[in-house]
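Pasting a structure here, questions to come.
Naming: A, B, ... by sequence-line order, numbering from 1 per chain. These figures come from a predicted structure and were not determined experimentally.
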Amino acid sequence: MYKIRHILCVIDPTVSAQPAMQRAAWLARKTGARLELFICYYNEYLSGERLFDAPSLEKARKEIINGHEKRLETIAAPLRKTGLDVTTTALWDHPLHEGIVRHAAATGADLVFKDTHHHSALARALLTNTDWNLIRSCAAPLWLVKPGEIAEHPVIVAAIDPMHEHDKPAELDDDILDISGTIENATGAEIRAFHSYDPRLAIATSNASAYIPVSFPFDELEKQLVAEHRKRFDDVAVKHGVDAAQLDLVAGLAHEELPAYCRDVDAAVVVMGAVSRNRMKRLFIGATAEQTLEHLPCDLLIVKPNWFRIPGEISRERAA
Amino acid sequence: MRDISKILCVIDLSAETQHALQRGAWLAERMGAKLELLLCYYNEYLTDGRLGSYPSLANAQEEILEGLKKRLEKLAEPLRNAGLSVNTKATWDHPLYEGIIRHALDCDADIVFKDTHHHSALSRALLTNTDWNLIRTCPVPLWLVKPQDISDKPVFVAAIDPLHEHDKPAALDDEILVVSKKLAGATNAEVRAFHSYDPRIAVATATANAYIPVSLPFDEIEKQMHEQHEKRFNEVVNFHGIDENKCHLVPGVTHEELPEFSKSVGADVVIMGAVSRNRWKRLFIGSTAERTLEYLPCDLLVVKPDWFQTPAEIVQEKVA
């Protein structure tokens with residue numbers, strides 16, 4: 001069971017509505033975790049990195065950070081009155097995603113919350129450069145919150161990939177179901193496990209070859225594919241005690257099927273992996289994950305595989 | 001800048017209209033440049049021996065690429081009939097942005113065109129993870145095309161930063177203006193030069209500067225800052241021979257003022273820099289650039305500073 005003791009919530013000092021803070025406070029209340037409100041601020045003009053540093057620049061930075069601390073305390077006060085354990089931190093760091101990743105690692109945060117935006121007419125998430133960089137490099141599970149209240153009994157979709165077709169190791173499925181289970185227990189949510197496979201692929205693959213006789217049994221091939229996926233999917237679900245009624249194996253492309261499925265079951269949050277490694281062990285966001293993330297209609301919870309390490313340069317270089 | 005003799009257009013076959021191709025062809029015609037159509041494809045199922053039990057896999061990549069090449073040829077045909085010199089290339093590579101950069105280097109492209117999306121009701125650009133990564137790492141000028149036509153007498157806005165306040169070297173301003181003038185000369189466009197500065201921050205920085213006595217009244221400092229920005233801005237634009245009535249120095253925050261200005265002059269393209277280096281020489285998209293890029297209403301041409309080098313791992317690691 002994944003333990004949630006310390007929740008880090010990124011506050012955007014330029015806006016008044018804080019959907020991430022609401023969601024983080026909701027989960028902190030349900031889990032009894034400590035809630036840390038965090039502002040990471042930087043201004044290139046006031047940075048000592050550019051041109052020269054001076055005592056008055058340093059003073060200006062301190063004043064701005066103090067101002068942000070005060071603002072965080074104002075946000076924290078009503079939350080504390082309701083019995084939550086809330087701490088606040090304002091830091092000067094840059095770029096924003098690295099400041100968040102560094103602080104989450106330094107404080108051992110179990111979960112990071114951040115706002116994101118969503119446009120319903122376009123049915124797509126408006127992920128910023130900072131969001132993509134967090135998805136790629138934040139070691140702790142990352143919950144990207146779209147504005148809106150969460151249902152009383154939210155539906156959690158655990159998007160797993162039991163054939164590891166997207167470079168993901170089996171343990172990641174365990175981690176996804178593990179944290180989903182923690183949230184389920186704490187909040188009375190309902191878990192649904194989702195996996196999709198592309199049936200056309202098997203056909204396309206065989207079709208592409210000159211070596212396959214015309215009589216090649218496409219149906220057989222697809223049947224075999226479905227059976228394999230079904231078995232692995234069921235194995236993973238059984239291991240985590242997910243009811244058969246909550247399992248959905250869907251034929252189709254993940255970036256089309258998962259968003260449609262989330263709308264169907266009115267998902268509150270999708271729990272999934274996103275990063276892959278290439279042969280040189282370099283991290284990137286997988287092609288399927290990239291397309292899928294843009295089209296999800298709900299909150300996202302990105303979980304990292306256990307081989308994941310924060311890129312060395314991010315863990316070392318704090319901005320001045 | 002180098003002469004523009006080869007224009008690389010990134011093709012997305014899932015799009016209904018090839019805006020990047022239209023814009024690339026428009027420029028190729030006016031500059032007498034060669035056009036290269038690139039389709040970068042990757043399918044994680046058909047890579048690295050996954051599904052290796054299917055004998056057809058060995059040929060699948062090749063046949064898929066052949067099929068894609070045929071579709072590119074169809075797009076190329078009417079352009080060739082119109083007198084353009086067009087080459088097509090379908091390549092198996094991943095992630096997409098790295099594949100684009102690798103091919104841009106391979107074919108010695110002088111500029112890259114790619115589609116992007118814009119939502120007018122939200123007044124913001126919908127930049128994808130791939131777009132952001134190209135903005136950060138593409139070594140040649142990158143033209144991100146919005147789905148709209150370019151006017152007969154286009155307006156180019158060269159967004160410069162003559163005090164180099166965003167870590168940009170002076171040489172970048174020259175590059176931005178040289179590129180703008182060269183493209184404008186070939187396309188019957190007019191060039192407007194734009195620079196904005198934040199008076200509040202300018203004052204805070206100025207008071208950190210020993211040359212300006214802190215005892216000066218606030219208005220006085222602000223006036224001095226304006227004069228300082230004006231002087232440098234005028235030096236740069238005069239050097240490049242931009243008409244006085246096409247030079248615009250605006251007090252305010254860049255990510256608000258530049259999109260606003262672009263709308264008011266009916267800009268077709270904004271030409272600007274985007275990347276910075278930190279003390280460890282690591283590349284990132286500056287925080288001002290990040291916010292500004294999301295709100296521009298028109299095409300965007302991102303130019304790299306002369307110190308820029310393509311990250312070595314991108315040059316080396318072609319996907320199998």
Side-chain angles (χ1 to χ4, degrees), chain A residues 42-46 49-60 94-96 98 119 121-122 124 126-130 132-133 135-136 163-167 198 201-202 204-212 221 276 278-280 282 284-288 290 293-294 313 316-317 319-320, chain B residues 42-46 48 50-51 54-64 67 94-96 98 117 119 121-122 124 126-130 132-133 135-136 164-167 198 201-202 204-205 207-210 214 276 278-280 282 284-288 290 293-294 313 316-317 319-320:
Chain A
Y42 177 84
N43 182 307
E44 45 218 305
Y45 296 86
L46 297 180
E49 269 182 86
R50 199 176 59 88
L51 305 176
F52 54 92
D53 205 354
S56 56
L57 275 188
E58 200 188 323
K59 187 163 165 277
H94 175 71
L96 177 56
E98 295 195 3
H119 193 258
L122 294 175
R124 56 171 283 173
L126 302 173
L127 296 167
T128 63
N129 185 41
T130 296
W132 286 114
N133 280 321
I135 289 168
R136 193 172 52 83
M163 304 286 286
H164 328 132
E165 282 172 331
H166 302 104
D167 291 314
D198 184 355
L201 197 68
T205 313
S206 51
N207 224 355
S209 172
Y211 300 119
I212 300 217
L221 190 58
S276 304
N278 68 3
R279 284 176 301 174
M280 284 72 176
R282 214 147 43 84
F284 51 88
I285 296 172
T288 302
E290 179 170 341
L293 291 172
E294 283 185 340
E313 64 276 14
R316 287 190 300 269
E317 302 168 12
Chain B
Y42 177 80
N43 184 316
E44 44 212 315
Y45 292 87
L46 298 180
D48 283 351
R50 193 176 292 132
L51 298 181
Y54 301 111
S56 54
L57 197 60
N59 282 353
Q61 283 193 11
E62 215 172 288
E63 295 197 12
I64 286 173
H94 176 72
L96 176 57
E98 296 195 2
H117 303 283
H119 195 259
L122 290 178
R124 55 172 284 173
L126 301 174
L127 296 167
T128 62
N129 185 39
T130 297
W132 286 116
N133 280 319
I135 289 168
R136 191 170 54 83
H164 330 134
E165 283 171 335
H166 302 103
D167 292 312
D198 182 345
I201 300 286
T205 318
T207 52
N209 185 325
V214 185
S276 304
N278 67 3
R279 283 181 293 182
W280 295 274
R282 212 145 47 80
F284 53 88
I285 296 172
S287 51
T288 300
E290 178 169 340
L293 293 175
E294 285 186 338
E313 64 274 16
Q316 286 147 14
E317 299 172 15
V319 161

ask   = Side chain of A:Glu290, backbone of B:Thr130: donor and acceptor closer than 3.5 Å?
value = yes
Region of B:Glu313 in contact with chain A, defined by heavy-atom distances below 4.5 Å =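 The answer is both parts of B:Glu313.
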remark   = Interatomic distance, CG@B:Leu293 vs CG@A:Asn129, rounded to 0.5 Å, equals 9.0 Å
request  = Find the distance between CG (A:Leu96) and CD (B:Glu290) and round it off to the nearest 0.5 Å.
outcome  =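 So the gap between those two atoms works out to 7.5 Å.
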request  = Answer with side chain, backbone, both or neither: which region of B:Glu98 has an atom nearer than 4.5 Å to a non-hydrogen atom of chain A?
outcome  =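 Contact with chain A involves the side chain of B:Glu98 alone.
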